[in-house]
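Here the structure is laid out as structure tokens; the discussion comes afterwards.
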Amino acid sequence: MTNFKWWQTSIIYQIYPRSFQDSNNDGIGDIPGIIKRLDYLREIGIKSIWISPFYPSPMKDFGYDISDYKGIHPIFGIMKDFDRLLDEAHKRDIKIIIDLVPNHTSDQHPWFLESRKSKDNPYRDYYIWKDSKKNGKEPNNWLSYFGGSAWEWDRETQQYYLHQFVKEQPDLNYANPKVLKEILDIIDFWLAKGVDGFRVDVICNMWKHPDFPNNPKNPKWTKKLPPFEKYLMKYNVNQPEVHAIVRKMRKVLDKYKDRVLIGETYLPYKGLLEFYGNNDECHLPFNFHLLGVKWKAPAIKKKVNDYEKILPENCWPSYVLGNHDQKRIATKIGSEKQARIANMLLLTLRGSPTVYYGEEICMKNVKIPKSLIQDPPALNQPDVADIVGRDPERTPMQWDDSPNAGFSAKGVKTWLPLAKDYKTNNVEIQKTQSNSMLALFKSLTKLRSEYSCLNSGKYKYIPTAQKDIFAYLRYDKNNTILVVLNFSQKFFKLDLSKKLPEKNGKLLLASDLEEHHSTQLSSLNIKAHLGLIIEIE
Ligand code: NOJ
């Protein structure tokens with residue numbers, strides 16, 4: 001493979017550090033824990049990891065409320081541990097992507113502590129302060145993602161400040177050029193240390209409409225949706241001015257070799273495209289469309305094909321199946337067999353796949369008893385905790401069947417409870433099972449390393465008569481691979497001979513890891529929930 005960058009060909013594996021591996025038995029994962037598991041990651045074919053925030057933080061939003069952008073929270077370790085992580089990862093040819101949270105800080109960040117002291121404090125304009133309306137009410141109707149108004153009254157200085165998340169996460173003010181300068185300096189600090197890139201948190205939210213108008217009502221809102229969706233986020237999200245900020249960030253990255261800028265971009269495709277800029281913004285604006293889609297072949301085909309159609313050649317695709325804010329895939333689609341199809345899809349589409357920790361062993365959402373809920377949107381809005389809570393997808397990694405699943409030692413109270421099924425569903429057990437999800441995952445990453453077409457080859461959709469089947473080719477000058485995925489519980493006999501002149505193929509992998517499947521293109525037997533990867537000869 002030539003001319004392709006590491007971030008185009010490697011799988012991005014997201015680690016939520018609180019939940020990956022606890023090394024000091026305080027019930028919370030940490031950086032030395034991640035180091036301990038690097039060999040495992042290497043073994044399963046991971047070459048880049050994105051780590052959610054590990055910075056000093058009062059943990060009001062579990063690290064997304066940062067009080068020092070250049071430090072490490074003691075629960076995760078010390079800077080020496082991070083340096084060792086970089087070193088050990090790089091020794092194993094694993095890249096490290098870290099989380100950058102530029103939209104807001106913690107209210108305990110020194111900038112905000114200054115800012116709230118007085119209206120004429122030099123840091124006042126680092127944040128967004130507004131007078132109340134004449135009737136004392138909030139300056140506008142903007143809602144916090146985590147419940148209630150996005151404005152908090154400050155009694156001392158008699159103004160409101162904006163917070164799009166919890167009130168302890170005040171939004172920074174990018175209309176003040178000093179703020180961006182500070183953030184660029186932070187980016188430079190970590191790049192100089194050797195990190196390989198950033199995932200930029202709520203990248204679309206950094207710029208707000210300068211008039212702060214009310215947001216319009218969402219006519220499609222129902223009680224099944226989170227309360228913040230009652231209004232369309234027209235004036236606080238995705239303002240055109242945000243792109244100038246992203247370009248400045250990218251400039252800092254471009255001073256260094258081969259670093260990657262990834263954006264958290266929950267946007268329609270057209271909006272996503274804009275975040276590539278003119279090859280001067282994000283390398284990878286995350287494509288979250290597989291998260292929201294109904295798990296049915298027609299909807300998924302459309303998502304993929306629309307994306308392929310709209311992406312210009314110089315924009316590299318991204319696909320995401322899960323993260324720390326979303327239901328785990330097996331829970332969402334309610335079927336382990338379909339979770340296999342999901343992984344097969346993710347790892348064979350064209351583009352950089354992002355895998356959330358634990359998906360390789362088919363971890364599922366864990367029901368959290370009320371008394372143990374930790375996540376701020378769920379705590380703030382108990383009536384809709386089931387819709388907005390994110391604890392269920394953040395439970396400790398299931399390494400083995402020992403007490404606390406090899407995440408923490410016996411007797412330790414882990415920060416979130418473990419899944420009840422961890423004794424039978426864990427890495428060690430799945431390593432011994434020839435047909436486990438882990439075995440499938442490893443086979444998929446192995447195929448990606450052996451067949452360049454799966455990483456950097458082209459994509460071609462193959463229409464079939466069956467709406468429940470999604471078939472496509474991945475090909476380059478070396479090889480052509482056919483992927484056939486059955487999204488239903490029906491059996492199909494498929495004749496692809498008219499679409500593909502070749503008569504036969506070689507079975508590279510089946511989602512059930514059986515080897516007996518016929519590969520005659522005129523009569524492919526596709527049983528329920530089966531996925532096949534066939535090399536066309
Ligand atoms: C998006 C992150 O993914 C989420 O976990 C966090 O709560 C918010 N941004 C606020 O930083």
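Both counts, for ligands and for their atoms, begin at 1 and track the order of listing. No hydrogens, no waters, no symmetry mates; every other heavy atom, side chains included, goes into these values. Note that the numbering runs from 1 along the sequence shown for the chain.
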| Side chains of Y126 and E182 in contact at under 4.5 Å (non-hydrogen atoms) |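 Yes. Closest side-chain heavy atoms under 4.5 Å.
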Note the single closest protein heavy atom to [atom], along with its residue, its atom name and the distance in Å.
| atom | result |
| --- | --- |
| atom 3 (O) of ligand 1 | D325 OD2, 2.5 Å |
| atom 8 (C) of ligand 1 | F165 CE2, 3.7 Å |
| atom 9 (N) of ligand 1 | D201 OD1, 2.9 Å |
| atom 7 (O) of ligand 1 | D61 OD2, 2.6 Å |

So for [X], does at least one of its heavy atoms come nearer than 4.0 angstrom to any atom of ligand 1?
| X | answer |
| --- | --- |
| F146 | yes |
| K60 | no |
| Q326 | no |

Logged contact type for Q164 with ligand 1, heavy-atom cut-off 4.0 Å, is neither
**Asked** Can the ring centres of H289 and Y307 be said to be less than 6.0 Å apart?
**Response**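 So the answer is no for these two rings.
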Which of T354, V260, L261 passes side-chain contact (heavy atoms from CB on, under 4.5 Å) with I97? It is V260
Step-by-step salt bridge (charged side-chain N to carboxylate O under 4.0 Å, His left out) determination, R394 to D325 = CA-CA 9 Å; R394 296 178 174 180; D325 299 327; 3.1 Å; yes
(Q) So if I apply the ring-ring contact (aromatic ring centres under 6.0 Å, His included) rule between W129 and each of Y160, F112, Y123, which one comes out positive? (A)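 The option that passes is F112.
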Margin query: Please check: side-chain N/O of D201 versus main-chain N/O of L100, any donor-acceptor pairing under 3.5 Å?
Written below: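 Looks like no, no N/O pair under 3.5 Å.
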